[in-house]
Amino acid sequence: MPTIRKDQPLKVAILWHMHQPNYREPNSNRLSMPWVRLHALKDYLDMPLLAGSFEQVKVTFNLVPSLIDQIQMYLAGATDRHLELSRMHAEDLPPQLKIELLETFFSANPAMMIKPFPRYWELYNKAKQGDGNKGVIASVFSSAEIRDLQVWSNLAWVDPMFRTDPLIKSLLAKGKQFTEEEKNNFLAWQITLMGRILPTYRQLLEEGKIDISFTPYYHPILPLLCDTDVAVESMPGIKLPEKRFQHPEDAETQIRLSAELYEKLFDRKMVGMWPSEGSVSEDALRLMMKHGISWTATDEEVLYHSVLKSHQDRAHSPIHAVHEFGPGLKMFFRDHGLSDRIGFVYSSWSPEKAVQDFISHLHQIRKINQPRLAETVVPVILDGENAWEYFPDDAYEFLSQFYRALQDDPYIETVTMTEAARTIPPKPLRSIFAGSWINHNFRIWIGHDEDNRAWDLLTQTRDTLVKFEQAHPAYDPARIAAAWQQIYIAEGSDWCWWYGDDHRSEFREQFDRTYRRHLAAVFEYLQLEVPRALMQPIIRGIATSPLLLPENIITPEIDGRVTDFYEWAGAGLYDCLKAGGSMHQTARYISSLHFGFDRHRVYIRLDFHNRMGIDLLEQPRFVLELQTPERLTLELTRQNGEFRANKPGSFIYALDDVLEVAIYRSLIWPQGAGTLGLVVYLYQGDERIEAPTGDEPLRIEIPEKAKELFWPI
């Protein structure tokens, strides 16, 4: 038993995952979307530079090989539609291109990436005005305003670290009335900046300041490539695609290609792999072992279910440890509570408060694990780019204070994943439960009709390629290789991320087109007719909304419990889990909102993802804002073990298994009917930790009495 020093620090292993989908259009030097380039301005260079500036801080960066390919494409002259529109002379833009520009050049977080810049905010508000006639709105924008928008839609993405650059500093100081020369110099500067990314990672890796791991090449869900039937383990009733996809050879190719690129770029063997979306299965792990991978990682929920599957004692399988599956493959299981606090909670906190909270959690973990600190490590793993769009100044202050606190705290030691895997004694793990970091299953990528349709089209296209190759052994090898590359790209996880009801984006249809375009390219390389099925959208119309409107009048009993099914039958529903954006939060407190009315009152019900989680909060506070001409706010704060309201006379409420609220319609509107805007927040003390409805109110129409129409006439 190792000797434990009282001053021995707690090891913390942080991994930032850097990833964008493969946007390259088949057989072209063009990317369908600009996100690789724009995130390069705000994430891919500043993140390693900032981490590397703290001598005693060590972190791991996970890079996706197909992301690296796209960065190198830009250096070789690639373009994208946003860049093409940005380069066009403002005076030469015809009305239709002006409309396209106004529709797409505000694709950023308004609060954090548009509003802080007065000119960008001014243009944003002007574009949102008008009567909805796009042509009229475009016509009132001058060439100077259009050029300013071309600049700001790029400039807002530049990380604060680079704002001292003379060119960037001059643009920020000027603010408006940019010239074509200034704009073009700035667009060229972007590509120069991108040229620094890979050399920086290589240098910091050689200096031992960071560690680098890769995912499989095109970011596929490895377990599903090995066998789509593996999804049944976590979802026994799942509806699978018509034809089973079972190609572990493709999964192995994705790993092999990744390892080959790693060695080419960094002159060393790849030893670590964050599997796409933390997705693991026993078959996938064995393929990693075959190719010399010594460590990998997934989520703590996968560990929990793996322990159950293995019939092991949970007490001997803590999440804050290194585990070992098979001979030599070390595994980390992310602390998703701590990881999600960075990704989803801290953006609305002050940097000081957020860092203090994080460090206090680490101190508590250290205290609990005091007898076994030599065997303890806290894995913190999350997206290293998307989260920062919700922080002020791209989280520059938060990350600076975060790294400083980790470096200065004598009871905390940051380590790389490779270092932890090499030095910390592992706990044996006999079996692995097949799942991902999101709810320990694969529901996002398979099971929905759209997902299954995508898998079936992939299977049909791959089968066609295999049969063609067998029937034409002398066919052009370059075309065959190009066709296989399209298959591997189509196996990426990002396409099915947007199919189904799990996530929302204005770009879903673009992802659908790009996915089918990759499959169609296989037939084109083989000089075969493209099947009609690949010309038809997989997405059928508008994606299923997370919002369902009321279907009947309800009069539930306000007791904090769902007494029976029919009590809320016919109520409206807002599914917070379906309302996900480009990021996905696994640990939520509030799972759904129900709402309805009768002739006298409006009813609201909050359901919880984990009721016990509310009780574990130190100072929970619910805030329900009813936005009407006379705004009403209900605040429920726990006092002496009970939740008490700020306005007990206005609302009827009860909190037990669920939170139920009723308010008389006459208190909201004099006429008892109208539009109600509902915003819900959950606070921990003074810090907001969840906003299930977002900052935009949920609009609920309450009709006049006796004029409720729930079915078409």
Side-chain angles (χ1 to χ4, degrees), residues 18 20 23-25 28-50 67-93 97-98 100-102 104-108 113-114 116-117 119-120 123 142-203 385 388-389 393-394 396:
M18 302 299 203
Q20 286 293 321
Y23 298 115
R24 181 178 185 176
E25 296 177 355
S28 78
N29 199 35
R30 189 174 186 274
L31 282 69
S32 62
M33 297 188 196
W35 309 124
V36 168
R37 176 175 56 86
L38 295 179
H39 277 280
L41 304 182
K42 67 180 284 296
D43 300 307
Y44 301 144
L45 181 58
D46 62 284
M47 283 290 287
L49 285 175
L50 185 58
L67 168 63
I68 295 173
D69 285 349
Q70 293 173 94
I71 292 173
Q72 293 177 322
M73 282 181 63
Y74 277 108
L75 301 181
T79 186
D80 59 67
R81 183 59 174 168
H82 181 273
L83 184 56
E84 292 167 353
L85 287 172
S86 296
R87 285 172 171 164
M88 290 181 182
H89 201 290
E91 281 78 7
D92 296 337
L93 281 170
L97 290 186
K98 272 191 175 183
E100 181 181 351
L101 188 143
L102 290 170
T104 59
F105 273 41
F106 297 104
S107 297
M113 297 181 66
I114 299 180
F117 307 108
R119 180 57 164 171
Y120 200 12
L123 298 172
S142 68
S143 296
E145 289 174 317
I146 290 294
R147 186 163 35 249
D148 286 354
L149 179 55
Q150 289 173 314
V151 171
W152 275 111
S153 69
N154 289 273
L155 188 58
W157 288 79
V158 175
D159 188 82
M161 179 178 286
F162 308 124
R163 292 177 188 168
T164 56
D165 181 282
L167 175 61
I168 305 304
K169 188 175 181 179
S170 67
L171 293 175
L172 290 170
K174 188 173 184 180
K176 59 170 64 176
Q177 299 294 325
F178 300 115
T179 66
E180 285 290 328
E181 181 181 10
E182 288 171 329
K183 180 186 73 175
N184 291 327
N185 287 340
F186 170 46
L187 296 177
W189 176 90
Q190 295 182 25
I191 307 305
T192 302
L193 181 92
M194 295 180 75
R196 297 170 54 191
I197 294 174
L198 290 176
T200 296
Y201 279 102
R202 179 179 176 122
Q203 179 182 345
E385 49 185 291
W388 315 132
E389 295 174 33
D393 280 333
D394 202 36
Y396 183 80

**Message:** Just so I know, are the side chains of W189 and I168 near enough to count as touching, which here means a heavy-atom distance under 4.5 Å?
**Reply:** yes

**Prompt:** Where do H82 and S153 land on the side-chain hydrogen bond (donor to acceptor under 3.5 Å, both in side chains) test, with the steps shown first?
**Reply:** CA-CA 9 Å; H82 181 273; S153 69; 3.2 Å; yes

**Item:** Shortest non-hydrogen contact from L101 toward Q150
**Value:** CD1-CG, 3.8 Å

**Message:** Between D159 (side chain only) and F162 (backbone N and O only), is there a donor and an acceptor less than 3.5 Å apart?
**Reply:** no

**Asked** Considering all heavy atoms of both residues, which atom of I146 and which atom of A90 are nearest to each other, and what is their separation?
**Response** CG2-CB, 4.2 Å

**Asked** Can you tell me how far CZ of R163 sits from CG of L171, rounded to the nearest 0.5 angstrom?
**Response** 12.5 Å

**Item:** Close side-chain approach of R196 to L49, heavy-atom, < 4.5 Å
**Value:** yes

**Y120/F106 aromatic ring centres below 6.0 Å** = yes

**Asked** With no hydrogens and no angle check, is any side-chain donor or acceptor of R24 less than 3.5 Å from a backbone partner on S28?
**Response** yes

**Message:** Quick check: do Y44 and T200 have side-chain heavy atoms less than 4.5 Å from each other?
**Reply:** no

**Request:** Would you give the length of the straight line joining atom CG of L155 to atom OG of S86, rounded to the nearest 0.5 angstrom?
**Result:** 11.5 Å

**Message:** Distance check, rounded to the nearest 0.5 Å: F105 atom CZ versus W152 atom CH2?
**Reply:** 15.0 Å

**Min side-chain heavy-atom separation K174-T179 under 4.5 Å** = yes

**Within 6.0 Å of NZ in K169, more than 12 heavy atoms from elsewhere** = no

**Separation between CE of M113 and CG of D394, rounded to the nearest 0.5 Å** = 7.0 Å

**Item:** Residue pair K183, R87: steps toward the side chain to side chain contact (heavy atoms under 4.5 Å, CB included) verdict
**Value:** CA-CA 8 Å; K183 180 186 73 175; R87 285 172 171 164; 5.8 Å; no

**Message:** As a quick check of understanding, evaluate side chain to side chain contact (heavy atoms under 4.5 Å, CB included) for R119 and E145, giving each step before the final call.
**Reply:** CA-CA 9 Å; R119 180 57 164 171; E145 289 174 317; 3.4 Å; yes

**Asked** Is there a donor-acceptor contact under 3.5 Å from the side chain of Q72 to the main chain of D69?
**Response** no

**Item:** Under 3.5 Å: donor-acceptor pair, side chain of D92, backbone of H89
**Value:** no

**Asked** Only one of L31, L193, N154, I71 clears side-chain contact (heavy atoms from CB on, under 4.5 Å) with R37; which?
**Response** N154

**Validation row: L67, Y23 side chains within 4.5 angstrom (heavy atoms)** = no

**Nearest heavy-atom neighbours spanning D46 and D43** = OD1-N, 2.9 Å

**Request:** Find out whether K42 and E385 are in side-chain contact, i.e. whether some heavy atom of one side chain is under 4.5 Å from a heavy atom of the other.
**Result:** no

**Request:** For the pair M33 and Q20, evaluate side chain to side chain contact (heavy atoms under 4.5 Å, CB included) and give the outcome as yes or no after the intermediate values.
**Result:** CA-CA 10 Å; M33 297 188 196; Q20 286 293 321; over 6 Å; no

**Prompt:** Does the side chain of V151 reach to within under 4.5 Å of the side chain of K176, using non-hydrogen atoms?
**Reply:** no

**Request:** Starting from the C-alpha separation in whole Å, work towards a yes-or-no answer on side chain to side chain contact (heavy atoms under 4.5 Å, CB included) for R30 and D80.
**Result:** CA-CA 6 Å; R30 189 174 186 274; D80 59 67; 5.7 Å; no

**Asked** Is the shortest heavy-atom distance from the side chain of W157 to the side chain of W35 under 4.5 Å?
**Response** yes

**Request:** To the nearest 0.5 angstrom, please state how far the CG atom of L93 sits from the CD atom of E100.
**Result:** 9.5 Å

**Item:** Nearest-0.5 Å distance that lies between atom CG in D393 and atom CE in M161
**Value:** 12.5 Å

